[in-house]
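Just so it is clear, the structure is predicted and the values come from calculations on it, not from any experiment.
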Amino acid sequence: MQTKISNQQKIKHLYNRAGFGISPLDIKEVGHKSVEKAVKELFVQSKNIYPLQIVTAEQMRLEREEKKDSKQTFTQSSTPQERIKTIIKDRIESIKSLNLAWVSQMVSGNAMLREKMTLFWHGHFACRSNNAYFMQIQNNTLRKHALGKFGDLLMAISKDAAMLGFLNNKQNRKDSPNENFAREVMELFTLGRDHYTEQDIKNAARAFTGWQFRHDGEFFFNQRQHDEGEKTFFGKTGNFTGEDILTTILENKQTARFITTKIYQYFVNEKPDPTIINSLSDQFYKSDYDIAQLMESIFTADWFYQSSIIGSRVKSPVELLVGLQQTFTIQFQETQNIIFLQKVLGQTLLNPPNVAGWKEGKNWIDSSSLLFRMQLPELLFQSAEVKVEAKEEGDVNTAYLNNRKGKTIQASANWAGLQDAFMKVKDTETLDALASYLLSLPITLAQKDLIWRRADKSSKEALIKSLSSALVSLPEYQLC
């Protein structure tokens with residue numbers, strides 16, 4: 001039996017899944033609107049594109065010149081090796097800056113749905129590069145096509161410098177084909193495992209020979225390294241190019257099904273509903289892979305707002321951090337601590353663990369990570385001591401993070417927005433009101449009794465602050 005869901009709960013659920021939450025003042029403004037209208041407004045807002053612009057092409061050109069010079073000459077002040085180390089250090093700092101800029105953009109709430117989709121595609125097209133400029137280009141490519149046609153996104157990301165480098169396609173030449181790129185395009189990006197043959201991989205790899213990139217990140221087709229011979233792919237034979245391979249993959253309905261299933265698992269529920277997947281993937285295929293149309297169908301469906309769906313998904317570390325910053329307007333004295341927290345929680349932006357990306361859902365939670373998640377509000381609100389080690393993922397920030405054990409994270413929360421929104425609520429009703437806003441699932445009477453007894457009732461401001469702190473420290477806050 002399904003529990004009746006209020007309209008305000010539906011809107012909050014929509015914002016949790018389509019974005020990173022909603023402020024207490026905004027929920028009052030949009031909470032009375034119909035789901036259809038709220039969804040429409042999200043799409044209108046997300047027509048805007050806010051590209052990240054941290055690293056410039058000129059910076060990368062100067063870096064290349066510096067690296068070239070350092071291999072050829074000594075200076076009085078440094079050796080070539082020291083200058084190379086400085087360049088590597090600068091690249092690491094640039095990647096950190098790019099990470100922080102993206103987090104800031106997600107926290108801002110601008111083009112919320114587009115940013116959430118960009119985060120999804122970042123996990124789907126998982127990629128790492130020590131070239132911050134290339135990662136910036138890729139992130140902006142994901143953002144540009146996040147709500148467009150999947151075919152355009154696939155073609156753009158397949159010609160992306162960071163991706164081609166990560167999957168070794170620069171080494172894919174006609175005399176010695178490298179199959180890595182072709183394999184991952186099919187297995188992880190489009191069709192899924194077991195929907196192609198080894199022969200398909202070999203011939204697709206031949207079609208992608210010559211797909212390279214220049215120093216500035218521009219795609220470059222090296223005709224001299226391209227295999228011009230006949231290739232058989234999915235039962236068809238011809239002098240196929242890389243573009244032909246991608247087009248053929250898109251013609252296969254399995255691609256629509258695979259992408260639809262991943263989107264459903266990310267935005268709706270870990271366990272796919274076969275009937276719903278069949279309907280959505282068929283629509284997705286017929287729409288020429290229109291991502292926005294697929295997302296609108298999901299967000300306006302009655303089943304999306306069932307009680308069995310609301311509160312069923314574990315927040316990813318980035319969703320948790322961004323949501324806390326949005327709700328409590330948290331400011332970090334050292335912004336690098338945001339990267340430290342990503343590392344501890346197991347999701348460092350721009351540094352997925354492997355080409356398969358992060359394992360979502362319940363995989364985010366184990367005994368140690370759940371405990372830290374529940375302690376995180378106290379850590380942020382009271383500048384408590386960090387007593388955990390960052391997980392070893394070998395990312396670019398490891399050296400910095402390993403020096404942070406046992407330190408405090410200086411952060412401050414601005415409670416004004418939350419207090420203004422709930423100031424006029426009766427004291428005896430404040431806990432229920434805050435729980436309804438902050439949590440996706442109801443809590444027990446025993447939990448309420450304990451929280452209320454421990455609450456600071458010296459003033460209304462103190463009451464709101466203490467109740468909110470207690471609520472976001474519950475396991476239920478980890479769900480959305």
Side-chain angles (χ1 to χ4, degrees), residues 13-19 34-51 110-126 138-160 163 185-186 188-192 195 234 242-269 272-305 309 357 360:
H13 173 63
L14 169 65
Y15 273 72
N16 281 339
R17 299 294 182 89
S34 67
V35 165
E36 290 75 14
K37 187 170 184 179
V39 170
K40 184 177 180 180
E41 289 180 355
L42 274 176
F43 277 94
V44 169
Q45 181 211 38
S46 289
K47 283 184 177 180
N48 297 320
I49 300 175
Y50 300 94
N110 294 328
M112 182 192 307
L113 175 58
R114 184 173 293 277
E115 292 304 318
K116 186 64 169 283
M117 291 301 303
T118 303
L119 180 61
F120 167 76
W121 292 122
H122 176 50
H124 179 76
F125 293 109
Q138 183 182 99
N139 191 260
N140 287 330
T141 295
L142 297 176
R143 182 172 290 104
K144 176 183 176 181
H145 297 288
L147 289 164
K149 295 295 183 69
F150 177 72
D152 295 336
L153 173 57
L154 177 64
M155 189 67 72
I157 209 68
S158 295
K159 293 184 176 182
D160 174 77
M163 185 63 76
V185 163
M186 287 187 275
L188 297 175
F189 299 164
T190 57
L191 295 162
H195 292 282
F234 281 14
E243 289 87 350
D244 294 329
I245 296 298
L246 296 179
T247 298
T248 302
I249 287 173
L250 289 168
E251 290 171 353
N252 190 326
K253 290 187 177 181
Q254 171 57 27
T255 298
R257 185 176 185 82
F258 181 73
I259 299 301
T260 299
T261 301
K262 285 200 70 172
I263 286 176
Y264 182 94
Q265 289 177 305
Y266 188 91
F267 288 92
V268 185
N269 195 283
D273 183 312
T275 303
I276 293 175
I277 295 298
N278 287 339
S279 175
L280 289 176
S281 62
D282 185 57
Q283 169 200 311
F284 191 40
Y285 185 80
K286 290 178 178 177
S287 71
D288 192 24
Y289 292 91
D290 190 314
I291 301 167
Q293 185 175 313
L294 174 61
M295 301 312 299
E296 185 174 3
S297 295
I298 290 172
F299 295 144
T300 55
D302 290 340
W303 46 257
F304 183 70
Y305 300 94
I309 299 299
E360 298 281 346

Taking 4.0 angstrom as the limit, do Glu296 and Lys40 come out as a salt bridge?
no
With Tyr15, which residues qualify under ring pair (Phe, Tyr, Trp, His ring centres under 6.0 Å), at least two apart?
none
When rounded to the nearest 0.5 angstrom, what distance separates CD1 in Ile49 from CD in Glu115?
10.0 Å
Of Leu153, Leu246, Thr190, the one forming a side-chain contact (heavy atoms from CB on, under 4.5 Å) with Ser158 is Leu246
Should the pair Phe189 and His124 be assigned to parallel (<30°), tilted (30 to 60°) or perpendicular (>60°) ring geometry?
tilted
Nearest heavy-atom neighbours spanning Phe299 and Ala18
CZ-CB, 3.7 Å
Using a 3.5 Å distance criterion without hydrogens, assess whether the side chain of Ser279 forms a donor-acceptor pair with backbone atoms of Ile276.
no
Using ring pair (Phe, Tyr, Trp, His ring centres under 6.0 Å) as the criterion, list what pairs up with Phe267, not counting sequence neighbours.
Phe120
Ala146 backbone acceptor or donor facing Trp121 side chain under 3.5 Å:
yes
If I take atom CZ from residue Arg143 and atom NE2 from residue His122, how far apart are they, to the nearest 0.5 angstrom?
10.5 Å
Tell me, do Lys253 and Ser281 make a side-chain contact under 4.5 Å, heavy atoms counted?
no
Looking only at heavy atoms, which two atoms of Asn269 and Ile309 are closest? And how far apart?
ND2-CD1, 3.8 Å
Test of understanding: with ring pair (Phe, Tyr, Trp, His ring centres under 6.0 Å), list the residues that count as partners of Phe258, not counting sequence neighbours.
none
Is there side-chain contact between Asp160 and Phe125, with at least one heavy-atom pair below 4.5 Å?
no
Is the side chain of Tyr266 donor-acceptor paired with the backbone N or O of Thr261 at a distance under 3.5 Å, no angle test?
no
Where the side chain of Tyr289 meets the backbone of Phe284, is there a donor-acceptor pair that is under 3.5 Å apart?
no
Determine whether Met186 and His195 make a side-chain contact, defined as any pair of heavy atoms from C-beta on separated by less than 4.5 Å.
no
Tyr285 side chain reached by Arg257 side chain, heavy atoms, under 4.5 Å
no
Is any side-chain heavy atom of Asn252 closer than 4.5 Å to a side-chain heavy atom of Leu191?
yes
I want to check something: taking the side chain as every heavy atom from C-beta on, are Leu294 and Asp290 in contact at a cut-off of under 4.5 Å?
no
For a 4.5 angstrom cut-off between non-hydrogen side-chain atoms, does Met112 reach Lys116?
no
OH of Tyr50 to CG of Asn48, rounded to nearest 0.5 Å, is 4.0 Å
Is there side-chain contact between Phe43 and Leu113, with at least one heavy-atom pair below 4.5 Å?
yes
What residues, two or more places apart in sequence or in another chain, satisfy salt bridge (Lys or Arg N to Asp or Glu O under 4.0 Å) together with Lys262?
none
Would the distance check show the side chain of Thr260 and the main-chain N or O of Ile277 forming a donor-acceptor pair, the cut-off being under 3.5 Å?
no
Qualifying residues under ring pair (Phe, Tyr, Trp, His ring centres under 6.0 Å), relative to His145, sequence neighbours excluded:
none
Quick one: pull up CD1 in Ile259 and CG in Leu280 and give me the separation to the nearest 0.5 Å.
13.5 Å
Quick check for you: to the nearest 0.5 Å, what is the distance between Ile298 atom CD1 and Gln293 atom CD?
11.5 Å
Minimum heavy-atom distance between Arg17 and Val268, given as atom pair plus value
NH1-O, 2.8 Å
For the residue pair Ala111 and Ser46, what are the closest heavy atoms and their distance?
C-OG, 3.4 Å
According to the interplanar angle, ranging from 0 to 90°, do the rings of His13 and Tyr305 count as parallel (below 30°), tilted (30 to 60°) or perpendicular (above 60°)?
perpendicular
Can you list every pair that meets salt bridge (charged side-chain N to carboxylate O under 4.0 Å, His left out) and has a residue in residues 273-288, with sequence neighbours left out?
Lys149-Asp288, Asp282-Lys286
In this structure, CE of Met295 is separated from CG of Leu42 (nearest 0.5 Å) by 10.5 Å
